[in-house]
Each structure stands twice: as C-alpha cells, then as structure tokens.
Amino acid sequence: GTSDRPVDDDPSPERAHDSIRFLETGVWGGAYVRSLHRLSSHALLLLVALHVLRVILTGAFLHPRRMNWIVGCLLLLIALFGAYTGYLLPMDQLAFWATTTGMELLRSLPGGEALRTLLVPDGIGGTLTLLRFYALHVVIVPFVLIALTMLHFFAIRRQKGLLPYL
C-alpha cells in the first residue's frame, strides 16, 4: 500500500521538506532528535566563540602557538560552514532565503563567483545544489572538523598546553 513516508531513494528538493516533516511527525522522537541536532549546532558555535575569546584574553595565540591559532581559526570557519550547509537541507522558505542571501554575499569575495558556481550549480533549491550541501554537511565538513581537531589537540599536547599538568 501507499504510505506517508517519503521515498528514501528520491533526494529531490521537492521531497526534502516532506522528509523533514515526516521525521518530526512520523518517527518516534524524531522532532526531539532534530531539535537536539539544531541546538547542539548552536551550542558548538557558542562554545567555540567562548574558546576563541579565552584564547585571545590569555594571549594563547602568540608565539609559539601561532600555528595552532591558525588551525583553530580554520576550525571556526569550518564549523560555521557546517552550520550553513545544514541550513539549506530542510528546503523551507527560511532555508531558501538564507542560502540565497549567503550566496549573494559570497559574490563580493575574491573568487566568490567561482565558489558560488561550485556550490550552487543549478540555483538555490536545485537537485545538484541540495545534494552538494548534503554531502558537504554529512561527509566533508565532519571529516575536515575531525582531522583539524586532531591536529589542534596534537599541537596543544606537543606544546604542553597552558596548564602545568599537560
């Protein structure tokens, strides 16, 4: 028989919002998991911002930790990009217009037009665009975050950190 469940093998923009709606209403605990995911993203960004503030206030970005500061800044940028890529995935009006605004702002950067074309080859809300944002959000960004975090922690341990017992 037919079901209200979205087809798993149809990753189209037309089905994305229905998939999110099904997750929230048809999957036990789905709305909780989705909210937890969103709130965890906000918490991560807040904690990273507080960490950056602590590093600035303690001067931990100065020599000999300058390279680790650069890695940390890359981590911040990748975390922000991860939050941005996840924003489009529900394909609702808010996601559409937020992504449209971000892609227009990207044009003002050097090389921004080429990057915009790479990210949004068939326009905001296009199938290929949605697939690229999904792949970035689920595979590429987490991999880069894990790799840079390992490098960040390795550098902290190698430099004996800020604390005397490290």
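Annotation: the span from N68 atom CG to H152 atom NE2 amounts to 4.5 Å, rounded to 0.5 Å. Here the CE-CD distance, from M103 to E113, works out to 11.0 Å after rounding to the nearest 0.5 Å. Atom OG1 of residue T99 and atom CD1 of residue I124 lie 5.5 Å apart, to the nearest 0.5 angstrom. Within the model, atoms CG of L145 and CG of L44 stand 7.5 Å from one another, a figure rounded to the nearest 0.5 Å. Atoms CG and CG, on L115 and L109 in that order, are 8.5 Å from each other to the nearest 0.5 Å. Once rounded to the nearest 0.5 Å, the distance linking CG of L50 with CG of L45 reads 11.0 Å.
Note on V48 and L80: same hydrophobic cluster, where clusters join Ile, Leu, Val, Met, Phe, Trp and Tyr whose side-chain heavy atoms are under 4.5 Å apart, directly or indirectly. Y87 and F96 are not part of a single hydrophobic cluster, where members link through side-chain heavy atoms under 4.5 Å apart. Hydrophobic clustering (ILVMFWY, side-chain heavy atoms < 4.5 Å, transitive): I56 and L62 are in one cluster. Cluster annotation: L130 is connected to W97 through the hydrophobic network of ILVMFWY side chains, with a link wherever side-chain heavy atoms come within less than 4.5 Å. By the rule that hydrophobic residues join a cluster once side-chain heavy atoms approach within less than 4.5 Å of another member, L106 and I78 end up as members of one cluster.
Listed for the S108 side chain is a donor-acceptor partner under 3.5 Å among the backbone atoms of L105. Without hydrogens or angle criteria, H137 side chain to T85 main chain gives no donor-acceptor distance under 3.5 Å. With hydrogens and angles disregarded, no donor-acceptor distance shorter than 3.5 Å links the side chain of E24 to the backbone of G30. Without hydrogens or angle criteria, T129 side chain to G125 main chain gives no donor-acceptor distance under 3.5 Å. For S41 (side chain) and A83 (main-chain N/O), no donor-acceptor pair under 3.5 Å exists by modelled atom type. Checked by atom type and distance alone, the side chain of S19 never pairs as donor or acceptor with a backbone atom of R15 at under 3.5 Å. Side chain of D122 to backbone of T127: a donor-acceptor contact under 3.5 angstrom is found. Side-chain atoms of R132 come within 3.5 Å of backbone atoms of L118 as a donor-acceptor pair (strictly under, hydrogens ignored).
Nearest heavy-atom pair, V71 versus L148, reported as atom, atom and distance to 0.1 Å: CG1-O, 3.7 Å.
Side-chain contact between F81 and L77 is absent, with no heavy-atom pair separated by less than 4.5 Å. With a 4.5 Å cut-off on side-chain heavy atoms, E14 and M91 do not count as touching. Counting heavy atoms from C-beta on, the side chains of R21 and P90 never come closer than 4.5 Å. L136 places a side-chain heavy atom less than 4.5 Å from the side chain of L119.
Environment of NE2 in H42: crowded, with over 12 heavy atoms of neighbouring residues, nucleotides or ligands closer than 6.0 Å. Atom OH of Y134 sits in a sparse spot, with 12 or fewer heavy atoms from other residues, nucleotides or ligands closer than 6.0 Å. More than 12 heavy atoms of other residues, nucleotides or ligands sit less than 6.0 Å from atom CZ of R107.
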Q: Could you please spell out the steps behind the side chain to side chain contact (heavy atoms under 4.5 Å, CB included) verdict for I146 and F143?
A: CA-CA 5 Å; I146 289 169; F143 177 78; 6.0 Å; no
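Ring pair F133/Y84 is tilted by interplanar angle, where 30° to 60° counts as tilted. Ring geometry for W69 against F61 counts as tilted: the plane angle lies between 30° and 60°, on a 0 to 90° scale.
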